[in-house]
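Every heavy atom of this structure was used, including side-chain atoms; hydrogens, water molecules and symmetry mates were not. In each ligand, atom 1 is the first atom listed, and ligand 1 is the first ligand listed.
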Amino acid sequence: MKIKLGVFFGGKSVEHEVSIITAIQAIENMDKEKYDIIPIYITKDNKMYCGEQIGDIKCYKNIDELLSSSTQVTLAQKDNKVCLIRCDKKMFENIVYDYIDIAFPIVHGTNVEDGTLQGFLKMFNLPYVGCDVTSSAVGMDKYIFKCLLKDNDIPIINCKCYTADQYNADLNGIIKSIEESINYPVIVKPVNLGSSVGIKIAKDRAALEDAIANAFTYAKKVLVERAVMNLKEVNCSVVGDYEECEASECEEPVKTDEILSFNDKYISGGKKMGVKSDNEKSMNAGVLKLPAEISPEMRAKIQDLSKRTFKVLGCTGVVRIDFIIDQDTNDVFVNEINTIPGSLSFHLWKATGVKYSNHLDKMINLALKRNREEQNMTFSFDSNILAGYENGFGGTKGKLGK
Ligand SMILES: Nc1ncnc2c1ncn2[C@@H]1O[C@H](COP(=O)(O)OP(=O)(O)O)[C@@H](O)[C@H]1O
Ligand SMILES: [Mg+2]
């Protein structure tokens, strides 16, 4: 029997649209002999829809129309299966729309990629592809991610992190601490967004105030770090799990402005946004050099740091790790991780001769392996602690001694 694979995409995130493209590209490349694929679209207000047209990129021009011809569903455990339940069942319809064996989250950004969707799926004991709850959550928070790397001697650009509370109470104090510890030029980032949204470089105090105000409109925590003005950006993908992992070829995205913008990432390579079933053109390849123009030593160093970062975070599946090289000093820093990379970083693996369907299979098999291992662990502990509450909370017997 074929494996029922539910592909989840969309969600309440600034990268909603990008995720639709990544997911539908992946679906088009999945092995239909092995998998019965059920595309599940999550709207920007977190409703899930299935239907004939949900896997068709052409139908996303008019989302209202798409939803009106689709079926709203939710997940529930029923008859030992994880089922997609119809939310608005009609008289003649079965309440169960379908069921799924494995979930493949292809979502980007806060509110979905950050462990939220993974936690939701985990509650159903459903095997799901990719990073687990913790690695997804840590990977999304640029500050916590850097703290973890720093603690494991992986080079990062030191940063300061400020909360909205601090900002409202003492903007001058924040500015002073930045000027004293980092100095200009600095780069200001919302702590948990992606696609360069809300990020600005500031070269003086007025620009810094503006950049901080702007970043706080997107997040409750904001990170400030030294801006590397003569930088080269290099990305490397890793596939595997805690036991074994492999690093891909390195790529070099090229920016048209001071920072790699949303436009560079998705639009300037506009033609490349089109879904191609052979995945000839990868969506996140705005303007790219592949392989990156770096020395063999630098390439080896980046691949090694990529694998170390993957392991330290406890990743599973495919991730992409982005680096910044300071060309004035030749120092290399891990900048961020994408735990569900655009087009699942296939272009970086294609360079090593891998087929997209095999790449996807590998991710699915790693998810099954993790689920098997989790099933073998003990998650319950028999105790008679509840027996002490036979008379409710009033008696003295049931007091929790700590
Ligand atoms: N310290 C830095 N110095 C200079 N440019 C930077 C620095 N950090 C990030 N950038 C630029 O900003 C872009 C977006 O920052 P990044 O941390 O990758 O956030 P996002 O999650 O939005 O991709 C990078 O691709 C790079 O062009
Ligand atoms: Mg980035």
Only heavy atoms of [X], strictly under 4.0 Å: list the atoms of ligand 1 that pass.
X	answer
Leu231	4 (C), 5 (N)
Glu225	1 (N), 2 (C), 7 (C), 8 (N)
Ile157	1 (N)
Glu233	24 (C), 25 (O), 26 (C), 27 (O)

- Is Lys203 positioned over the aromatic face of Tyr184, cation under 6.0 angstrom from the ring centre and no more than 45 degrees off axis?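 No - Lys203 does not lie over the ring of Tyr184 by the 6.0 Å and 45° rule.
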
- Answer key: the N, O or S atom of Glu336 nearest to the Mg ion (ligand 2) is OE2

- Query: Between Glu180 and Lys176, is there a side-chain N and carboxylate O pair less than 4.0 Å apart?
  - Reply: yes

- Does the separation of the ring centres of Tyr128 and Phe8 fall below 6.0 angstrom?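 Tyr128 vs Phe8: aromatic centres not under 6.0 Å.
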
- Name the orientation class of the two ring planes belonging to Phe346 and Tyr356 (parallel below 30°, tilted from 30 to 60°, perpendicular beyond 60°). parallel

Name the option, out of [options], that contains the heavy atom nearest to [atom].
atom	options	result
atom 20 (P) of ligand 1	Lys142, Arg226, Lys189	Lys142
atom 6 (C) of ligand 1	Val224, Asn158, Ile187, Asn192	Ile187
atom 16 (P) of ligand 1	Asn335, Val188, Val228	Asn335

- Query: Side chain of Ser13, backbone of Glu15: donor and acceptor closer than 3.5 Å?
  - Reply: yes

- More than 12 non-hydrogen atoms from neighbouring residues, nucleotides or ligands closer than 6.0 Å to NZ on Lys369, yes or no? yes

